[in-house]
Amino acid sequence: MTRSPFLKRITPQLIILAIVLLLNVLVLPDFFTVKFQNGRLFGNIIDVLNRGAPTALLCVGMTLVIATKGIDLSVGAVMAIAGATAASLVVEGQHWTTAVMGALAVGALCGAWNGILVAFLRIQPIVATLVLMVAGRGIAQLITEGTILTFLDQGLIHLGAGTVLGIPTPILIWLSLGSFAAFLVRRTALGLLIESIGINEASSRLAGINSRVLLLCVYVVSGIGAAVAGVIVTADIQGADANNAGLWLELDAILAVVIGGNSLLGGKFSIVASLLGAMIIQSVNSVILLSGMPPEFNLVIKALLILAILVIQSPKVSHIIYILRASTPPAKVDRPNPAKELKR
Amino acid sequence: MIRSTHLPLIVTLLTFVLAYALCASQYPTMLSWRVVANLLTDNAFLGIVAVGMTFVILSGGIDLSVGSVIAFTGVFLAVILRDTSLHPLTAFALVLVITTAFGAAMGATIHYLDMPAFIVTLAGMFLARGAAYVLSTDSVSITHEFYDVLQSMYWKTASGGRFRLIGFVMVLTFIVGALVAHRTRFGQNVYALGGGAGAARLMGVPVASTTIGIYAVSGGLAGLSGIVFSLYTSAGYSLATVGVELDAIAAVVIGGTLLTGGYGFVAGSFFGILIMGLIQTYIVFDGTLSSWWTKIVIGGLLFAFILLQKGLTWASTARKKAATGFIAQS
Amino acid sequence: MTNDSLPMLHATGISKFFPGTIALDDVDLTLHRGEIHALLGENGAGKSTLIKCLTGVYRRDGGAIMLDGQTVDPTSTNHSQSLGIGTVYQEVNLLPNLTVAENLYLGRQPMRGPFVARRAMNEAARTSLKGFGIDIDPAQPLSTYSVAVQQVVAIARAVEMSGKVLILDEPTASLDLDEVKLLFSVIRQLKSRGIAIVFITHFLDQVFDLCDRATVLRNGQVVGSRVLKDVSQRDIVTLMLGRQLDTAPSAAKSAAVGAPLLQIESLGKSGMLDPFSLTIRKGEVVGLAGLLGSGRTETSKLVFGAVRADSGTMKLNGKDISVTSPRDAVAHGFALCPEDRKTEGIIGDLSVRDNIVLALQARQGWLRPIPRRKVDEIAEHYVRTLDIRLANLDVPIRLLSGGNQQKALLARWLATDPDVLILDEPTRGIDIGAHAEIIALIGRLQQDGMALLVASSEMEELVAYANRVIVLRDRKQVGELVGADITSVNIIKAIAAETRHEALQ
Amino acid sequence: ASDLTIGFSQIGSESGWRAAETTVTKQEVAARGIQLKFADAQQKQENQISALRSFIAQGVDAILIAPVVATGWDEVLEEAQDADIPVILLDRTVDAPDDLYLTAVTSDLVHEGSVAGQWLVDDMAGADCRIVELQGTTGSSPAIDRKTGFENAISGHDNLEIVRSQTGDFTRSQGKVVMESFLKAEGGDNICALYAHNDDMAVGAIQAIKEAGLKPGTDIKIVAIDAVPDAHLAIANSEMNATIELTPNMAGPALDALAAYLADGTVPPKWIQTESRLYTAADDNQAIYEVKKGLGY
Ligand SMILES: Nc1ncnc2c1ncn2[C@@H]1O[C@H](COP(=O)(O)OP(=O)(O)OP(=O)(O)O)[C@@H](O)[C@H]1O
Ligand SMILES: Nc1ncnc2c1ncn2[C@@H]1O[C@H](COP(=O)(O)OP(=O)(O)OP(=O)(O)O)[C@@H](O)[C@H]1O
Ligand SMILES: [Mg+2]
Ligand SMILES: [Mg+2]
């Protein structure tokens, strides 16, 4: 039985995703039905992919940040800032591409701010990013002056609500950016270097890795991911809602990363598994919405489902499963065995 | 001689005194007993959870569930007092048992399933808030006469400020918390866990019971804070105290406790709370900040405090290196 | 009740499996009362694992333990401590954030009512540590003291816990001669009180000096148990390695030293290291000698840019270079194997393969990944030439034994083909076989024209390979020995000249 | 009365309507030459209570407060009364005894809901209608009251039935997301009307309906509450059918009452109810939009 290590790594997430999707089918039998309607694919499963886009985009950067032993609480606020920037630029009459570039630049700047606090001022990531989490939403509101800044620029709207070949644009954006990032870290040495500083920064620095710059970059990537997510949600509702865009989404992103089997203590990571984690969370949300339960139960259901998922995945439980599966001790092999007769 | 480990505490204290003086020089009315009383009363519930949070953070963990637990406690009390004839004191005992058990359960999950505290308590946060919703989405007021008795227990200063019972409860919690953290075996074990779970285990620290104990303390204090909050507002409301966990964490960090665990003081969190309260008060006294500038200024001040602390710590360690780097050689 | 003829501790059939390895296979160990028992074996033989199984850190997969005639089953360190087994685990395991006294009495503090009696505790700590020859303020955080002091604190803690058995896993690895002597006298006292003592070390001299009996492990199995006064060091080494070791370690020291390669001019950092000058030639090994805290580690870190110097210049091949970070240093062909393997060397969770290519990859930059085939080639090459023992290249390096980790780190740097190789305590915690191999390796590297700067606490070792020895004291360069002058006696003399070492007083 | 200072404790800035209320309040205050101390509570009751205490400590002449929740104000209101500072409540009443505050300027949230329900009852005129409902933030009093009012109005009309009801958190994006799931779970053709607890959610839902290939306002009737500019625009574009106004100008009547009280002790009624006006396609929505757009919604 030879499975590729990659498949082996994401198997738990695939199984869990399948289970949660099955739950969806239980509450809504035609969950998987996809129609082509009004020039676009139309169906619940498409919604899961589409609505999971912001979390998916956030969790790419979040995976890298967490791999370095960090955490980025500011992504929700950065989404708001980026969305507000994009909206205010098109409202001012700029071309939408300029607006998007502006938003990405602002996102990168926010990431760089976090990165400088973490990598150079050596402030603990959770506090460093808390600053921007608190202040960031204020900055976004400063840009929109507290209103929902609406716009009618079709180019920008297309990014959030449009389709390409019938597929909603956000799906294409997160799939392409996600796979690009996953490909990039594995086909270059980036993945190795990031894991290395996450496991032991002092050792990595002594091995000649430029850990500070790498740390900075990781936060910048997170900021840019948040900016893309911010542009998408803004475009989706044709308005920048500085108060609510990305509110508490950082928690979903962190959850997605953890459900993706990545350790909050840094080190080895898998972006693909995190993306699956984001889809798992969105599928859980979908169960809740489709079930028709009164909304006061939403949180309890979500908490219990997530808890169940995490318990199944916890190292101890998987260790027990491992032991149950391989209850025989490893065969005595490949060690030059000492002359046992010396014992006598 | 001042121990170098006390430095962050002293820095926080100095920062508070300095900031208060600056505020008072701008708004002389801030130098009144009324404002002092307000600081204690208005931050009582936050202070109590901050004590629990200090234990958690000292041990190298984090507890995101406290805000939700406060809300749950309030709703639970309100519903119990509305629907049953239980005496509030009985209800208090009941809710403290529930929240302590809830914290202990999270601690057990963290230890036995080897899951990160961040995630376990995040799920706990959803769960507690969800449970509050299920009990009642509506805000339920509490009209028991015993509440009136408790609320009328205050000491009024000449200027009209009121030192209320809940303020004293907070101060008492801090004193007990400080004693437990710095003077008992349990406290030492908490610091030991924060210093390194692996080494602590090899040194024979009962890691399981300590971890469970820490989160039980945090849960129980969140419950106590919920009781105080229900006294503060005479109501239970499932949407109350959203995000309080972040305020508590910020207060603890401003108070000089390291998020990585092992270093810090309960008393530091007290000044952390006062500094946060001072920021709020100052903003209201100023009264010109728009909604968004309020957020930006709070973030900015948080940053300034962190930076100040960082700077002072750097300065002192640099001095320490030069002076005592080879202490054992002299 | 206690029966003096019964062994104090009798473990039989202890087995322990890790995924993919059998760390212990049916191991027996018998400790008599008042016996000092050496546990010997190569790196990775299973010594530490055996200790951890005996003291409940690991759940053993088989076997029984009798303590003082009673069957016991320790489930945690806490439990084994309460049974009267005191242990110092390999690598100092104390809490840097607590005070010395708190570390010493954690879990058994003197109490007054519900509260810890601090003053009494500090007093007790002071008295207890005085018995080990150190007089320090026990109310200070442990981290303010040197590794040596910390080691002594760990030992003192274990000694106070050990009503019946004391286990010391490589306690002398970071101690000076004087401290070792003190430790030995304490151990002999305990022996006279009837306590059974397990002593693990790679220094065979110490074993023969101190111990009564030795049990030798190889690949997780007991290969023999000997009364030491009946055997020679040679016999023991042969038992450990399963083969003869070619005579005393000696590198083929070549006198043919090349042109100056690295010229250091008054490099220093205030408060850390006085400015020093040093020239290293191609094919030369420069040794750094000194006591604990004399500045050897600082010297190597400064040269490598791991600590930024605040004065001085460096020339490589006659050209000025500036080294402000390890990155710069690597770019200029420097390499440093740091002293503290665990925190500054290995990347614990990464595979051995990744650890070996890490420095090379870091130097090439992230955009030019080393192809997988090439990676395997490099890793396999060094595993073979340095004889690194492992199940496969994919195991996380933290699961390797100390000696094998050290070799993997050497491999990491050799893979970058450095011009200047700096080794800080290259043989600390290394078994006698690997020790010889590393010394031979140093000789080979020198012959290949590499310039080496080696800091070591082992005089014989320096004598074996150094062309020149720089002696440090109090973070100052105080002497230099060249050629035939390099002998253990001379080095010790140079170190001790003028002031006596008082590090622990 | 330029030497007058009043404190205004606002809930936060969680929605466009809230921002407009802040803007209008500031305008009204400025127009009367009064000094304003503004405090944003970031949606937290504890911040509002402490803001009130700080206002009292500063000795302001009067306090305006938009309470985040009805309960929990007794103590601090007593302290204000002790200090002889009149308190006026904006847009929501509290559960405290009514002698603790001067007056409350609010709309009737339940009434708003029933106006919406009544409109739908009239519009359907007996035809069968399956309604989906977008609730406000779970637990918030507008969500609870607007739901109650609407249910009261349609009860007894068996042709009207709420088939799905889920929270949209008062936000556009959640409004859109939840509407999408309604459309799939029920099938777009099986939904006849949407009732949203605020306009923002309705605007989000309109987009979801359009993306599903249906015509909002025609295929699915839409009624919501608040009358923010974008709702007027949607009605003008025939994408929405009705909205009920919640005026952001609560401060105007409040300040008038205060001025009268301070001038000669005229005690205002305990409740000054603002009008809950219904806007439909019959009004000139384009014109209203132009007027309202500058108010900071
Ligand atoms: N947690 C673990 N998981 C898997 N393998 C392990 C683990 N701990 C140790 N091993 C393996 O068990 C074997 C015995 O290791 P151990 O640390 O006991 O050696 P040792 O004799 O103490 O060596 P040293 O002299 O270097 O300290 C080694 O091959 C090591 O790789
Ligand atoms: N006696 C001591 N007292 C205080 N600190 C010490 C002492 N010895 C060592 N240290 C600390 O330990 C670290 C290593 O010191 P240094 O590099 O001077 O030692 P070294 O000569 O390399 O000795 P070794 O590596 O054998 O421990 C330094 O950071 C130093 O501050
Ligand atoms: Mg060992
Ligand atoms: Mg050294």
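All values reported here derive from a predicted model rather than from experimental measurement. Only this structure's heavy atoms are used, side chains among them; waters, hydrogens and symmetry mates stay out. Every chain is numbered from 1 and lettered A, B, ... according to where its sequence line falls, protein lines coming before strand lines.
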Discussion item. With a 4.5 angstrom heavy-atom cut-off, is it the side chain or the backbone of B:Val252 that approaches chain A, or both, or neither?
Written reply: neither

Worksheet, complete the sentence: Separation between CD (A:Glu296) and CG (B:Leu135), nearest 0.5 Å, reads 11.0 Å

Worksheet entry | chain A contact via B:Thr294 - which portion, at a heavy-atom distance below 4.5 Å | neither

Worksheet entry | Part of A:Leu121 within contact of chain B (heavy atom distance under 4.5 Å) | both

Discussion item. Please classify the contact between B:Ile306 and chain A as side chain, backbone, both or neither, with a heavy-atom cut-off of under 4.5 Å.
Written reply: side chain

Item to complete: List the steps, then state whether side chain to side chain contact (heavy atoms under 4.5 Å, CB included) holds for B:Tyr133 with A:Val300.
Response: CA-CA 9 Å; B:Tyr133 280 146; A:Val300 178; over 6 Å; no

Item to complete: Might you point out which heavy atoms bring A:Leu264 and B:Pro116 nearest each other, and give the distance in Å?
Response: CD1-CB, 3.7 Å

Worksheet entry | Best-contacting candidate, A:Leu132, A:Asn243, A:Leu304, A:Ile254, against chain B by heavy atom pairs under 4.5 angstrom | A:Ile254

Worksheet item: Closest approach of A:Ala135 and B:Ile296, non-hydrogen atoms and distance?
Response: O-CG1, 3.7 Å

Worksheet item: Looking at CD of A:Gln313 and CG of B:Leu113, how far apart are the two atoms once the value is rounded to the nearest 0.5 Å?
Response: 12.5 Å

Worksheet entry | Which atoms of B:Leu258 approach chain A - backbone, side chain, both or neither, heavy atom under 4.5 Å | both

Discussion item. For A:Gln124 and B:Val253: C-alpha separation, side-chain torsions, deciding distance, then whether side chain to side chain contact (heavy atoms under 4.5 Å, CB included) applies.
Written reply: CA-CA 10 Å; A:Gln124 301 171 63; B:Val253 170; 5.5 Å; no

Discussion item. Between B:Leu307 and chain A, with a heavy-atom cut-off of 4.5 Å, which part of the residue counts as in contact: side chain, backbone, both or neither?
Written reply: side chain

Discussion item. Only pairs of heavy atoms separated by less than 4.5 Å count here; which of A:Leu265, A:Asn298, A:Ile126, A:Leu73 has the most with chain B?
Written reply: A:Ile126

Worksheet item: Side chain, backbone, both or neither: which part of A:Ile301 has a non-hydrogen atom closer than 4.5 Å to chain B?
Response: neither

Worksheet item: Looking only at heavy atoms, what is the nearest atom pair of A:Leu307 and B:Ala123, with distance?
Response: CD1-CB, 3.3 Å

Practice prompt. Would you give the length of the straight line joining atom NZ of B:Lys295 to atom CG of A:Leu142, rounded to the nearest 0.5 angstrom?
Written response: 11.5 Å

Worksheet entry | Note, A:Thr144 side chain near B:Trp292 side chain (heavy atom, < 4.5 Å) | no

Practice prompt. Go through B:Val242 and A:Trp248 one step at a time and tell me if the side chain to side chain contact (heavy atoms under 4.5 Å, CB included) criterion holds.
Written response: CA-CA 11 Å; B:Val242 172; A:Trp248 302 118; 3.7 Å; yes

Worksheet entry | Interface residue of largest heavy-atom contact number with chain A, from B:Ser238, B:Ser291, B:Gly130, B:Ala250, under 4.5 Å | B:Gly130

Worksheet item: So does A:Glu145 have more than 12 non-hydrogen atoms from other groups sitting under 6.0 Å from CD?
Response: no

Item to complete: Would you indicate whether the side-chain heavy atoms of B:Phe118 and A:Leu255 approach each other to under 4.5 Å?
Response: no

Worksheet, complete the sentence: Note: B:Phe126 and A:Ala303 closest approach over all heavy atoms is CB-CB, 3.5 Å

Worksheet item: Most heavy-atom pairs under 4.5 angstrom with chain B, which of A:Ser263, A:Ala242, A:Gly146?
Response: A:Gly146

Fill in: Region of B:Val134 that comes under 4.5 Å of a non-hydrogen atom in chain A
both

Worksheet item: Taking all atoms of both residues into account, what is the closest heavy-atom pair of B:Met115 and A:Leu310, and its distance?
Response: CE-CB, 3.6 Å

Worksheet item: What part of B:Leu122 gets closer than 4.5 Å to chain A, counting heavy atoms only: side chain, backbone, both or neither?
Response: side chain

Discussion item. Counting only non-hydrogen atoms closer than 4.5 Å, does A:Ile71 touch chain B with its backbone (N, CA, C, O), its side chain (CB onward), both, or neither?
Written reply: side chain

